[in-house]
Q: 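What follows is a single structure, and I will ask about it in a moment.
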Amino acid sequence: MMEGTAGVSGRRHADESLLDNPDALAEHDPGGMLRFTASAGAQVRESAALAAEANLHLLEDEGRPRAVVIAGIGTAGRTGDVLATVAGPRCPVPVIPHRSAGVPGWVGAADVVIAVSASGRSPEALGAAEAAHRRGARLVAVGAPDSQLQSVAERARAPFIPVPRRAPARASLWALTVPVLLAARTLGLVKVNEADLAETAARLDADADRCRPTAESFVNPAKSLALGLAGSVPIVWGSSPLATVAARRFGDTLSANARYPVVTGALGEAGRGRVGLLDGVFGGLVEGERDIFADPAETDPDATRLRLVLLRDGGLNAEDDTDEPLAVEERRADAVQTLAERRGVRCDVVTAEGGSALERLASLMAVPDFASVYLALAHGLDPMAVPAITEMKELSNQ
């Protein structure tokens with residue numbers, strides 16, 4: 001055995017039958033990642049209640065900021081992308097996700113820094129909170145109660161929203177996102193009301209029910225998506241800025257839970273170069289050699305192929321003044337589906353549903369979140385325990 005492979009287990013090829021065996025799923029998921037993923041709706045409700053109890057009114061005293069920086073890494077950093085896309089192009093001030101230590105050099109007293117960390121101890125969030133305090137910027141901190149981040153917020157006399165650590169960070173996106181959105185609402189940057197939050201939570205609950213372990217693959221959209229991705233190189237593209245955030249989130253969970261390499265991004269950017277992947281050695285070249293009449297079960301299991309996942313967001317309504325860009329996005333999505341079909345590259349489509357930007361985002365994230373867990377389980381991987389993450393932390397902290 002090679003050095004460093006202790007604790008690395010699983011199988012090269014997915015076991016499709018395992019996904020329709022609830023007892024086997026439970027056995028391979030001892031840490032309960034499926035259960036944590038199903039808690040997304042509850043996370044929205046709990047975090048909304050916790051944010052309502054925090055002293056966010058302190059942010060209102062100095063009015064609208066010059067800019068807002070959301071500081072965090074990993075899933076915490078993804079909350080900044082969610083805020084930026086939900087606020088949209090009409091947001092009156094720049095919303096800037098920041099994923100490295102400290103804060104940008106221009107941050108000062110006119111700005112707001114929102115430091116986010118599920119554990120309350122990430123160096124990026126702590127460094128940003130301390131730098132904001134030194135520079136006189138307004139600070140909001142979101143993270144585990146009784147943590148180092150809470151201590152920094154208390155020293156700065158800044159609002160702190162305690163988010164109990166009930167799940168791994170990557171399964172806590174909604175718990176961390178809602179306080180960020182509500183802090184931004186207090187600053188007048190985003191329109192998110194209680195009905196939006198309630199509908200988003202209900203959407204997440206409904207998708208969790210559709211994706212439950214006891215629902216068989218042919219009626220479970222997450223299991224179906226996982227089985228389609230098995231053995232492939234996934235490409236996940238979003239048709240709009242909102243869908244692109246969901247695409248990048250799917251890339252996060254596919255990598256961390258299922259240990260799959262994945263290409264993610266915006267469909268507009270893909271059309272400037274990456275769409276050429278459909279022509280390549282994992283796309284059209286290998287698919288062109290496949291006998292379309294052959295039994296899929298007889299396909300060479302070692303032939304790696306692309307699998308395209310397209311996240312489509314039809315937008316809201318005409319009053320958003322986005323008719324022309326929306327039409328462009330829709331034509332682009334239709335075009336890439338046609339390209340994939342012509343080259344024999346299989347394509348899955350997830351379409352946004354819901355009345356608000358937040359609910360539509362949830363509808364694009366929920367099924368893929370579950371799919372990443374099911375794909376891990378089909379390969380005999382424990383989605384919770386990632387030896388490489390633990391080992392990297394140990395090596396980095398020596």
Q: Apply salt bridge (charged side-chain N to carboxylate O under 4.0 Å, His left out) to Arg138 and Asp111, showing your working.
A: CA-CA 6 Å; Arg138 280 179 283 173; Asp111 306 302; over 6 Å; no
Q: Identify the heavy atoms of Gln337 and Cys347 that sit nearest to each other, and give their distance.
A: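 Shortest heavy-atom contact: CG-SG, 4.2 Å.
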Q: Side-chain contact test, heavy atoms from C-beta onward, threshold under 4.5 Å: evaluate it for Leu50 versus Pro179 and give yes or no.
A: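 Not touching, per the 4.5 Å side-chain cut-off.
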Q: Is there a path of hydrophobic side-chain contacts, each under 4.5 Å between heavy atoms of I/L/V/M/F/W/Y residues, joining Leu310 to Val233?
A: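 Yes.
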Q: With a 4.0 Å cut-off on N to O distance, would you call Asp81 and Arg248 a salt bridge?
A: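 No salt bridge links Asp81 with Arg248.
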Q: With a 4.5 Å cut-off on side-chain heavy-atom distances among I, L, V, M, F, W and Y, is there a chain of contacts connecting Val263 to Leu339?
A: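 In one cluster with Val263: Leu339, yes.
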Q: Quick check for you: to the nearest 0.5 Å, what is the distance between Leu358 atom CG and Arg360 atom CZ?
A: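 If I round to the nearest 0.5 Å, the distance is 10.0 Å.
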Q: When you measure from the side chain of Gln43 to the backbone N and O of Ala175, does any donor-acceptor pair fall under 3.5 Å?
A: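 Yes.
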Q: Strictly distance-based, threshold 3.5 Å: is any side-chain N or O of Arg259 a donor or acceptor partner for the main-chain N or O of Ala256?
A: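 Indeed, once roles are kept as given, a pair shorter than 3.5 Å links the two residues.
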Q: Backbone N or O of Val180 within a donor-acceptor pair of the Arg185 side chain at under 3.5 Å?
A: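 It does not hold such a pair.
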Q: Please determine whether side chain to side chain donor-acceptor pair (under 3.5 Å) holds for the pair Asn257 and Arg170, giving the CA-CA distance in whole Å, both sets of side-chain angles, and the decisive distance to 0.1 Å.
A: CA-CA 9 Å; Asn257 292 335; Arg170 62 183 180 277; 2.6 Å; yes
Q: How long is the gap from CZ on Arg134 to CG on Leu139, to the nearest 0.5 Å?
A: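 Those atoms lie 12.0 Å apart.
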Q: Is there a donor-acceptor pair closer than 3.5 Å between any side-chain N or O of Ser232 and the backbone N or O of Leu229?
A: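 Answer holds: yes.
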Q: Can you tell me how far CG of Leu59 sits from CZ of Arg64, rounded to the nearest 0.5 angstrom?
A: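 Answer for the CZ-CG pair, Arg64 versus Leu59, is 14.0 Å.
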Q: Report yes if the side chains of Pro92 and Leu189 come closer than 4.5 Å at any heavy-atom pair, otherwise no.
A: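 Yes, at least one pair of side-chain atoms sits under 4.5 Å.
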Q: Would you indicate whether the side-chain heavy atoms of Ile70 and Val95 approach each other to under 4.5 Å?
A: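 Result yes, sub-4.5 Å side-chain heavy-atom pair found.
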Q: Hey, are Asp146 and Arg165 close enough for a salt bridge, meaning a charged N less than 4.0 Å from a carboxylate O?
A: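 The answer is no: the pair does not qualify as a salt bridge.
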Q: Counting distance only, does the side-chain N/O of Ser122 pair as donor-acceptor with the main-chain N or O of Ala125 below 3.5 Å?
A: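 Confirmed, Ser122 side chain pairs with Ala125 backbone.
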Q: Going from NZ on Lys191 to SG on Cys91, what distance comes out if it is rounded to the nearest 0.5 angstrom?
A: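 It is 11.5 Å, given to the nearest 0.5 Å.
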Q: Less than 4.0 angstrom from a charged side-chain N to a carboxylate O is my criterion; do Lys223 and Glu216 meet it?
A: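 Here Lys223 does not pair with Glu216 in a salt bridge, since their nearest N and O are not under 4.0 Å apart.
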Q: Check the surroundings of atom CD in Glu269: do more than 12 heavy atoms from other residues, nucleotides or ligands lie under 6.0 Å from it?
A: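 Open: at most 12 neighbouring heavy atoms sit under 6.0 Å from CD of Glu269.
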Q: May I ask you to decide whether Arg249 forms a salt bridge with Asp369, counting only side-chain N to carboxylate O separations under 4.0 Å?
A: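 Counted as a salt bridge, because a side-chain N and a carboxylate O are separated by less than 4.0 Å.
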Q: Is it true that Asp279 and Arg343 make a salt bridge, defined as a side-chain N closer than 4.0 Å to a carboxylate O?
A: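 Salt bridge between Asp279 and Arg343, a charged N being under 4.0 Å from a carboxylate O: yes.
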Q: Measuring from atom CZ of Arg78 to atom CG of Leu176, what distance do you get when rounded to the nearest 0.5 angstrom?
A: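 Arg78 atom CZ to Leu176 atom CG measures 13.0 Å (nearest 0.5 Å).
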Q: Judged by atom type as modelled, is there a donor-acceptor pair below 3.5 Å linking the side chain of Asp348 to the main-chain atoms of Gly228?
A: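 No, because the side chain of Asp348 does not come within donor-acceptor range (under 3.5 Å) of the backbone of Gly228.
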Q: Is there a side-chain contact between Thr253 and Pro368, using heavy atoms and a 4.5 Å cut-off?
A: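 No, too far: nothing below the 4.5 Å cut-off.
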Q: In Å, rounded to the nearest 0.5 Å, how long is the span from CG of Asn21 to OG1 of Thr214?
A: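 The CG atom of Asn21 sits 12.0 Å away from the OG1 atom of Thr214.
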Q: Strictly below 4.0 Å, N to O, side chains only: are Arg312 and Glu329 in salt-bridge contact?
A: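 No, no charged N to carboxylate O under 4.0 Å.
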Q: Please assess Arg135 against Trp106 for the test side chain to side chain contact (heavy atoms under 4.5 Å, CB included), listing each intermediate value before the final yes or no.
A: CA-CA 10 Å; Arg135 297 187 192 189; Trp106 49 262; over 6 Å; no
Q: Tell me whether Val86 is reachable from Met365 by hopping between hydrophobic residues (I, L, V, M, F, W, Y) whose side-chain heavy atoms are closer than 4.5 Å.
A: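 Yes, same cluster.
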Q: Heavy-atom distance under 4.5 Å between the side chains of Leu204 and Trp174, does that happen here?
A: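 A side-chain contact under 4.5 Å exists here.
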Q: Closest heavy-atom contact between Ala226 and Ala371?
A: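 Closest approach of Ala226 to Ala371, heavy atoms only: CB-O, 3.5 Å.
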Q: So does Ser100 get a backbone contact from the side chain of His98, meaning a donor-acceptor N/O pair under 3.5 Å?
A: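 Looks like yes, one N/O pair under 3.5 Å.
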Q: Under a 4.5 Å cut-off applied to non-hydrogen side-chain atoms, are Tyr260 and Pro234 in contact?
A: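 The answer is yes, as the side chains (C-beta and beyond) meet within the 4.5 Å cut-off.
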Q: State whether a side-chain donor-acceptor pair under 3.5 Å links Asp313 with Ser239.
A: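 Absent: no donor and acceptor within the cut-off.
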Q: What is the minimum heavy-atom distance between Asp382 and Pro30, and which atoms define it?
A: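 Of all heavy-atom pairs spanning Asp382 and Pro30, the closest is OD2-CG, 3.5 Å.
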Q: Say whether Ile114 and Leu182 are linked into one hydrophobic cluster, either directly or through other cluster members, by side-chain heavy-atom distances under 4.5 angstrom.
A: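 Shared cluster, yes.
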Q: According to a hydrophobic-cluster definition based on side-chain heavy atoms being under 4.5 Å apart (Ile, Leu, Val, Met, Phe, Trp, Tyr only), do Val152 and Val69 belong together?
A: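 Shared cluster, no.
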Q: Kindly determine whether Val163 and Val116 satisfy side chain to side chain contact (heavy atoms under 4.5 Å, CB included), including the steps that lead there.
A: CA-CA 10 Å; Val163 177; Val116 188; over 6 Å; no
Q: Would you say Arg121 has more than 12 foreign heavy atoms packed within less than 6.0 Å of its CZ?
A: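 For Arg121, atom CZ is not crowded (no more than 12 foreign heavy atoms under 6.0 Å).
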Q: Among Val113, Val112, Ile96, which residue meets the side-chain contact (heavy atoms from CB on, under 4.5 Å) test with Val107?
A: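 Among Val113, Val112, Ile96, the one meeting side-chain contact (heavy atoms from CB on, under 4.5 Å) with Val107 is Val113.
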Q: Give a yes or no on whether the backbone of Arg11 and the side-chain of His379 come within a donor-acceptor separation of less than 3.5 Å.
A: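 Looks like yes, one N/O pair under 3.5 Å.
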Q: Evaluate the side-chain proximity of Trp237 to Val336: yes if any heavy-atom separation is below 4.5 Å, no if none is.
A: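 Val336 reaches Trp237 side chain to side chain.
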Q: Please check: side-chain N/O of Thr79 versus main-chain N/O of Thr75, any donor-acceptor pairing under 3.5 Å?
A: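 Here the side-chain-to-backbone pair does not exist.
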Q: Considering only heavy atoms from C-beta outward, does the side chain of Cys211 approach that of Pro221 to under 4.5 Å?
A: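 They are in contact (side-chain heavy atoms under 4.5 Å apart), so the answer is yes.
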Q: Which residues, ordered by chain and number, are linked to Leu25 in its hydrophobic cluster, where ILVMFWY side chains connect at heavy-atom gaps below 4.5 Å, directly or through other members?
A: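 Joined to Leu25, directly or through intermediates: Leu18, Leu19, Met33, Leu34, Phe36, Leu227, Phe370, Val373, Tyr374, Leu377, Met384.
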Q: Examine distances only and state if a side-chain atom of Arg346 and a backbone atom of Leu306 form a donor-acceptor pair shorter than 3.5 Å.
A: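 No: the side chain of Arg346 does not pair with the backbone of Leu306.
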Q: Carefully, step by step, assess Asp205 and Arg45 under the rule salt bridge (charged side-chain N to carboxylate O under 4.0 Å, His left out).
A: CA-CA 11 Å; Asp205 286 344; Arg45 296 184 190 91; 2.5 Å; yes
Q: Thinking salt bridges, do Asp207 and Arg212 make one under a 4.0 Å N-O criterion?
A: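 Result for this pair is no, no salt bridge flagged.
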